[in-house]
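Data block below; observations after.
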Protein chains: 2
Amino acid sequence: MDMKNKKASDATVTRLSRYYRSLVHLETQGVAMVSSKALARRDGISPAQVRKDLSCFGQFGTRGQGYPVAELKEAISRILGLYRTWNVALVGVGYLGVSLLAYREFKAQGFHIVAAFDNDPEKIGKKRRNVIIRDIRTLPEVVKKLDIEMAIVTVPQDAAQSVVDLLVRSGLKMILNFAPVSLRAPVGVVIRNVNIAIELEALSYHLASGG
Amino acid sequence: MDMKNKKASDATVTRLSRYYRSLVHLETQGVAMVSSKALARRDGISPAQVRKDLSCFGQFGTRGQGYPVAELKEAISRILGLYRTWNVALVGVGYLGVSLLAYREFKAQGFHIVAAFDNDPEKIGKKRRNVIIRDIRTLPEVVKKLDIEMAIVTVPQDAAQSVVDLLVRSGLKMILNFAPVSLRAPVGVVIRNVNIAIELEALSYHLASGG
DNA sequence: GTCTGTGAAGAGTTTCACAGCT
DNA sequence: AGCTGTGAAACTCTTCACAGAC
């Protein structure tokens with residue numbers, strides 16, 4: 001990967017994902033070129049922000065013209081690692097876990113959930129959405145055998161830290177955590193947290209404080 | 001609400017939710033006082049950050065002693081609006097929607113999903129997790145009748161904007177959106193987005209760019 | 001001594017504004 | 001003319017450091 005990558009912040013990477021979606025949409029509409037202004041408006045972002053974000057990774061536009069939709073889409077797909085597929089493990093097959101197994105957007109972006117794990121003997125061995133549920137204790141070997149690089153954690157709070165420890169011991173470096181708890185992991189392991197209850201609390205803050 | 005509220009950023013409010021969870025935990029452990037340092041360590045945050053965050057809303061601590069766990073918990077619960085219950089509508093009863101209906105953390109924090117809506121005649125009239133699924137067209141009247149103030153949107157991309165428009169017309173001001181698309185709403189309406197695919201993309205960025 | 005509360009400094013992010021290309 | 005790319009300015013958020021309270 002020979003992109004210049006000055007230093008993209010987390011916020012920049014997140015916006016890149018948005019641009020990507022907009023570009024996919026524009027491409028299906030047959031649009032060939034798009035200006036930072038037009039891209040920005042679609043996402044409620046400033047045109048300068050769009051240009052700065054993109055400038056972290058190279059020069060994709062032509063002055064006076066704008067950005068070529070297809071090429072920019074390709075470039076972002078390479079930056080975000082969407083040009084390839086990723087094998088993903090799902091740990092914790094509760095309601096949320098099952099709904100993620102069925103989530104189409106994942107497969108569409110190249111994220112394949114190839115294994116699911118749980119510790120409930122009732123669940124182990126069964127299939128949900130065509131994925132077999134395995135004993136959590138087999139995780140380290142399955143990770144190696146299936147070449148898994150990412151994990152999605154949807155276990156209860158209490159179990160989350162020990163699951164993360166197990167994932168780290170198994171060599172995984174990318175974890176998406178849905179348990180409502182702060183997790184510790186060694187440097188080099190990237191954990192992203194999705195905390196649905198906290199999102200609602202942020203909303204209720206606005207109402208409660210007289211928004 | 002007579003708190004001083006200097007100007008709490010989104011990040012501050014999110015951290016408040018974390019502190020709240022830690023405080024709940026500490027209270028069950030019988031801990032009476034906690035220092036900013038101890039609170040911070042539990043969440044991987046700096047002690048100064050904890051103090052600054054709290055200082056947005058008042059002075060809750062005692063110098064030399066720390067913060068009284070029970071009182072601080074109460075105060076944050078008031079700030080975040082957790083001292084009361086909120087009636088919430090769920091729009092879009094797909095896999096994700098159903099899993100949110102079953103999400104215990106919501107009820108524990110006072111968020112009650114009192115109505116679910118869909119536009120699929122197959123689903124309308126049936127119950128999932130003890131909540132009846134209603135015709136989306138009845139939303140405005142049901143919102144009024146059941147005193148609903150928040151909505152969770154789990155419909156497909158294409159439908160998301162029109163659902164948000166309907167919610168806004170029905171008088172809702174707080175929306176939690178799970179559709180992977182940027183939404184427009186008038187000022188005064190707070191929309192928070194949870195975009196699960198984007199989270200995975202941010203992870204894959206780190207791996208793809210040689211993390 | 002310990003620990004909070006907070007102004008000031010530092011770091012990071014966004015916006016501005018304009019040079020330079022088409 | 002229109003639009004990108006980017007240094008500089010503006011703004012925001014975090015950390016520092018210390019006065020003041022126990």
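Here is the naming used below: chain letters follow the sequence lines, and residue numbers restart at 1 for every chain. If you're wondering where the values come from, they're calculated on a predicted model, not measured in any experiment.
- Rounded to an integer number of Å, the gap from CG of B:D53 to C1' of C:dG5 is 13 Å.
- At a threshold of 4.0 angstrom between heavy atoms, the contacts of A:T12 with the nucleic acid are absent.
- In this pair, B:F57 and A:Y205 present their aromatic rings perpendicular. The plane angle is above 60°, beyond the 30 to 60° band.
- Here the C1' atom of nucleotide D:dG5 and the CZ atom of A:F60 are 12 Å apart, to the nearest Å.
- With 3.5 Å as the limit, one finds a donor-acceptor pair spanning the side chains of A:Y95 and B:R129.
- Regarding A:D10, its CG atom lies at a distance of 13 Å from the P atom of D:dT14, rounded to whole Å.
- The shortest heavy-atom contact between A:F60 and A:I79 is CZ-CD1, 4.3 Å.
- Closest to the A:Q49 side chain, of the nucleotides C:dT14, C:dT4, C:dT6, is C:dT14.
- Atom NZ of A:K37 and atom P of D:dT4 are 10 Å apart (whole Å).
- One can place CD of A:Q59 at 14 Å from C1' of C:dT22, the figure rounded to the nearest angstrom.
- Judged as a ring-ring contact (aromatic ring centres under 6.0 Å, His included), and not counting sequence neighbours, the contacts of A:F106 are A:Y103.
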(message) So if I define the base as every atom that isn't primed, P, OP1 or OP2, how would nucleotides 16-22 of chain D read as a B/S/- string at a heavy-atom cutoff under 4.0 Å?
(response) BB-BBBS

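- Between B:R15 atom CZ and D:dT15 atom C1' there is a gap of 12 Å when expressed in whole angstrom units.
- Between A:Q49 and A:D53, the side chains place a donor N or O and an acceptor N or O closer than 3.5 Å (distance only, hydrogens not considered).
- Using modelled atom types, one finds no donor on one side chain facing an acceptor on the other under 3.5 Å when comparing B:N87 with B:D147.
- Considering all non-hydrogen atoms of both residues, B:R128 and B:V93 come closest at CG-CG1, 4.3 Å.
- Per the geometry, CD1 belonging to B:I45 stands 9 Å off P belonging to D:dT15, to the nearest Å.
- Note on A:S36: a side-chain N or O is less than 4.0 Å away from OP1 or OP2 of D:dT4.
- OP1 and OP2 of D:dG2 both lie 4.0 Å or more from every side-chain N or O belonging to A:Y67.
- Taking atom CE on A:M33 and atom P on C:dC21, their separation rounds to 17 Å, with Å as the unit.
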